[in-house]
Structure formats: C-alpha cells, structure tokens
Asker: 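Have a look at this one before I ask anything.
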Amino acid sequence: MAALSKSIPHNCYEIGHTWHPSCRVSFLQITGGALEESLKIYAPLYLIAAILRKRKLDYYLHKLLPEILQSASFLTANGALYIAFFCTLRRGLLTIYMANLVLLFCITAAMYMFFFRCKDGLKGFAFSALRFIVGKEEIPTHSYSPEAAYAKVEQKKEKLEDKPRKMNIIALVRKLVDSICKKGPRHRCCKHYEDNCISYCIKGFIRMFSVGYLIQCCLRIPSAFRHLFTQPSRLLSLFYNKENFQLGAFLGSFVSIYKGTSCFLRWIRNLDDELHAIIAGFLAGVSMMFYKSTTISMYLASKLVETMYFKGIEAGKVPYFPHADTIIYSISTAICFQAAVMEVQTLRPSYWKFLLRLTKGKFAVMNRKVLDVFGTSASKHFQDFTPRLDPRYTTVPPELPTEFS
C-alpha cells in the first residue's frame, strides 16, 4: 500500500519542472509544445474526416479551422493545466487498471450495432459513421418499400448498361467479385438487392479494407516525406507497411463478419430482427485482434456509456447531473496523469509515449526519486536519471547528477 499520507520538503521545481526553475516559463513551454503536437494530430484528422464526409466548400472556408483549433485547445489544456495545478497543489490520485481490450471492444460493438439498428437509437456523427462503415442496407427502417427499392436498382442497372464502362482497377475488381458470387443466394429479408449474401460480404470487406489502408497511408505521408531526400527508400514503407494492412484488416473483417452474421441469422430465423445486431456486433468485435488499439476501444466504450446515460435521462429512469461528462473526464484524466507521475509502469506504453510527445519529453525528466517515499516505485524506470538543479532555487540540497539527459 502506498504511503500517501507522507509529505516531502521538496518544491515543484525539484520534483516536476526540473528543466527550468520558473513555474511560469515551464507552463508556457509545456503549453507551446502541447499546442504544436495537438495541431499535428487534429489537423489531418479533421481534414480526412471532411473529405470522407464530402463536406462542401463552405465548411472548409468557415468551419474546418475553428473545429481544429477547438479540439487542439482542448488537448493542449490537458498538458498545460496539469503542470499548472501540479505547481499549485502537488497532490493526486491513485491509478486504475485496464480491462481486456478485445472483450471490451466486442461488448461495445454489440451495443453500438444494436442501437444502430433500433429506431432513434443513434443520432448525429455516430449514426453517420456506422452507416458509412456497414452500409444503409443494415438499417431496418427505410423510406421506401423493398419492391420499390428493387425496381430502382433494376433501373440503375439499365442506365449503366447503356453507358460505356472504363475498365479501371475498381471495375475489374468488381467484375471479378461478381463472377465469383454471381449465382449465390439472397434471403428475402436481406435489403442488399444488388448482391447476393456472399458477394455482399466480400464487397464489404474489400471496400473497408481499402478505406483503412488509405487512411493509414495518409497518416504516414508527413513522416515519409520528411525523409524524401535523405532516405528515398523509406517512401516504400508508405505503401508496404504492416500498420496499413492491420487497419485495413480490422475494418474489413469487422464489416464482413457483421454482414455475414446478419445474413446468416436472417436465413436461419427467416426474419430481420434488431437483436441480430447484438450477436453480429459481438462477433465482429473479434476483428480488434488485427488492430489492437486501447485508444479506440476505451474511447468507444466511454462514448457508449455516455449514450446509454443520456438515453436513461430521456426515458426518465436516470437522474440528470449537470456537467457530469466534464466531471467524469476530469477525474479520469487526473487518475491517468497521477499514474504517469507515481507509477509509470502501470501505464500502457502507447499512452506513455503519447504523454511524452504531448510534453516534448518533459514528463520523463521529473524527479521521481524523491517520490519513492510514497511506496509506488515512482523511479523504477528512471534509476539512471538525476536532474541537474540550480541550488539557488531548491529547499533541499540537490543530489549530484550521475547522468544527464
């Protein structure tokens, strides 16, 4: 048990911002570094999202930049305010442990897909994102009847037949898939009228695999072009990288497993039921094995809890707490940051690397040796580090450094 009731005589310079004795200067340095990294994260993210959602020119001119700055300022505040309150309070909380990643994602995916299939279950971006991923064919309520939809599909085919087709790569792939699954069956409850069930699943995999592959390629473009002249061979890693295929396999297998399970349940039960989405979503969650991401899993799980909480409020079964989401987020952030100071070994390496990136490496130069008195082994991974402190600003004579970083 950590002895958190103990106190230590050191000031915030000796423990926290060991790179500079001034609290104000350290705060500004952390803020500047965090803002720079936040812009690097959110600028391409929002740009890619806008392209995928086919935003109009007005969005790029008037809304894109404010949204990027809003999200960047939010992430910047996490790092900047932490060091500010560290200097003010120098206290914190204990850490918590993570749940099983894949199982958590399976449960989260099951509930998301169930709400997606239910009427008014999901709204806004979550609904639009899932409709883009799995397709509108899996939405049970349509504004047109199956017969009318089938007629529209036939008309569309006739128009396409009248126009000459260019045999590009996409057309060749589509022709190959159609030839493989040309005579496959389709259940009467299935709404993918253009394809049979087998072709429907295969096309879903190919489509989302391509999307995942292209997204990962786009994210690697800045780092690849930095080495364009010094290491031209690294450009090949832009296209032939393991992470590119992992994200593609994750999205592609998620969609194909979900669609395949949904079709299978329609065949064996002879009906289309919203409850099918729970089973199909849970099985599709196994796709997380291809792209294990704590960030994705935990974010979606937290948003699911938020969605269920607000649905409980709408139903009158859960009390409304003003600013509850802000309070929960603040507590969670405090716990994670406390762990980053007192028990770095309990954090996932990816999150620790993210904190180092956000603070330009300054999180690693805290004087954790003086925190070992609390019994959390704070300096376990920092035994070789001793900060170089200016004795004029310390309350305890500093230990002579054996190695500097």
Asker: Would a 4.5 Å heavy-atom cut-off, applied to side chains only, mark Phe282 and Ile279 as touching?
Answerer: no
Asker: Decide yes or no for Cys106 and Met288: does some side-chain heavy atom of the first lie under 4.5 Å from some side-chain heavy atom of the second?
Answerer: no
Asker: To the closest 0.5 Å, what do you measure between OG1 (Thr76) and CG (Leu69)?
Answerer: 9.5 Å
Asker: Can you name the nearest heavy-atom pair linking Leu39 to Pro44, along with the distance?
Answerer: O-CD, 3.9 Å
Asker: Does Tyr60 have more than 12 heavy atoms from other residues, nucleotides or ligands lying within 6.0 Å of its OH?
Answerer: yes
Asker: So how far is it from Tyr112 OH to Lys303 NZ, rounded to the nearest 0.5 Å?
Answerer: 7.0 Å
Asker: Quick one: closest heavy-atom pair of Leu347 and Trp352, and the distance?
Answerer: CD1-CE3, 4.4 Å
Asker: Side chain of Thr18, backbone of Val365: donor and acceptor closer than 3.5 Å?
Answerer: yes
Asker: Could you pull out the closest heavy-atom pair between Arg117 and Ala277, with the gap in Å?
Answerer: CG-CB, 3.4 Å
Asker: Donor-acceptor pair, distance only, cut-off 3.5 Å: does the side chain of Ser287 make one with the backbone of Ala284?
Answerer: yes
Asker: Verify side-chain contact (heavy atoms from CB on, under 4.5 Å) between Phe209 and Ser253, making sure each step is shown before the conclusion.
Answerer: CA-CA 8 Å; Phe209 179 89; Ser253 60; over 6 Å; no
Asker: Please determine, by modelled atom types, if Asp372 and Ser379 share a side-chain donor-acceptor pair under 3.5 angstrom.
Answerer: yes
Asker: Any donor-acceptor pair under 3.5 Å linking the side-chain atoms of Glu314 with those of Tyr320?
Answerer: no
Asker: Is there side-chain contact between Lys311 and Met308, with at least one heavy-atom pair below 4.5 Å?
Answerer: no
Asker: Is there a donor-acceptor contact under 3.5 Å linking the side chains of Arg269 and His276?
Answerer: yes
Asker: Do the non-hydrogen side-chain atoms of Trp19 and Gln29 ever get within less than 4.5 Å of each other?
Answerer: yes
Asker: So is Lys259 actually on top of Phe205's ring, under 6.0 Å and inside 45° of the axis?
Answerer: no
Asker: Any sub-3.5 Å donor-acceptor pair from Tyr200's side-chain atoms to Gly260's backbone N or O?
Answerer: no
Asker: Do Ile215 and Leu52 pass the side-chain contact (heavy atoms from CB on, under 4.5 Å) test, and can you show the C-alpha distance, the side-chain angles, and the key distance before you say yes or no?
Answerer: CA-CA 10 Å; Ile215 289 176; Leu52 292 177; 4.3 Å; yes
Asker: Please determine whether side-chain contact (heavy atoms from CB on, under 4.5 Å) holds for the pair Leu271 and Arg266, giving the CA-CA distance in whole Å, both sets of side-chain angles, and the decisive distance to 0.1 Å.
Answerer: CA-CA 5 Å; Leu271 57 88; Arg266 284 191 283 262; over 6 Å; no
Asker: Can you tell me how far the CG atom of Leu371 sits from the CD atom of Glu343, to the nearest 0.5 Å?
Answerer: 11.0 Å
Asker: For a side-chain contact (heavy atoms from CB on, under 4.5 Å) check, start with the C-alpha distance between Ser38 and Ser71, then their side-chain angles and the critical distance, and finish with the verdict.
Answerer: CA-CA 8 Å; Ser38 300; Ser71 296; over 6 Å; no
Asker: Got a second to check how far Thr359's OG1 is from Met366's CE, nearest 0.5 Å?
Answerer: 9.5 Å
Asker: Is there a donor-acceptor pair under 3.5 Å between the side chain of Ser73 and the backbone N or O of Gln70?
Answerer: yes
Asker: Answer whether the closest heavy-atom distance between the side chains of Arg131 and Phe116 falls below 4.5 Å.
Answerer: yes
Asker: Mind checking whether Tyr291 and Gln216 have side chains closer than 4.5 Å, heavy atoms only?
Answerer: yes
Asker: One thing to verify: whether Lys360 and Glu36 come together as a salt bridge, which I'm taking to mean a side-chain N less than 4.0 angstrom from a carboxylate O.
Answerer: yes
Asker: Check Pro322 against Ile327 and note the closest heavy-atom contact, atom names and distance.
Answerer: O-CD1, 4.3 Å
Asker: If we only count heavy atoms from C-beta on, is the Phe115 to Leu304 side-chain gap below 4.5 Å?
Answerer: yes
Asker: Quick check for you: to the nearest 0.5 Å, what is the distance between Leu265 atom CG and Asn270 atom CG?
Answerer: 12.5 Å
Asker: Using only atom types and a distance under 3.5 Å, with no angle test, would you say the side chain of Arg368 pairs donor to acceptor with the backbone of Val341?
Answerer: yes
Asker: So does Glu137 pair up with Lys191, basic N to acidic O under 4.0 Å?
Answerer: no
Asker: Would you verify whether the NZ or CZ of Arg207 falls within 45 degrees of the ring axis of Tyr213 while also being under 6.0 Å from that six-membered ring's centre?
Answerer: no
Asker: Would you please indicate if the ring centroids of Phe105 and Phe250 are separated by under 6.0 Å?
Answerer: yes
Asker: Taking the side chain as everything from C-beta on, heavy atoms only, tell me whether Phe290 gets closer than 4.5 Å to Phe254.
Answerer: no
Asker: Quick one: sort the Tyr351 and Phe354 rings into parallel, tilted or perpendicular, breaks at 30° and 60°.
Answerer: tilted
Asker: Locate the shortest heavy-atom distance separating Val344 from Phe382; write the atom from each residue and the value.
Answerer: CG2-CE1, 3.8 Å
Asker: Which value, rounded to the nearest 0.5 Å, describes the distance between Ile278 atom CD1 and Ile107 atom CD1?
Answerer: 12.0 Å
Asker: On a heavy-atom basis, which atom in Tyr258 and which in Ala280 lie closest, and how many Å separate them?
Answerer: CD1-CB, 3.4 Å
Asker: Is the backbone of Tyr299 close enough, under 3.5 Å, to the side chain of Ser302 for a donor and an acceptor to pair up by distance?
Answerer: yes
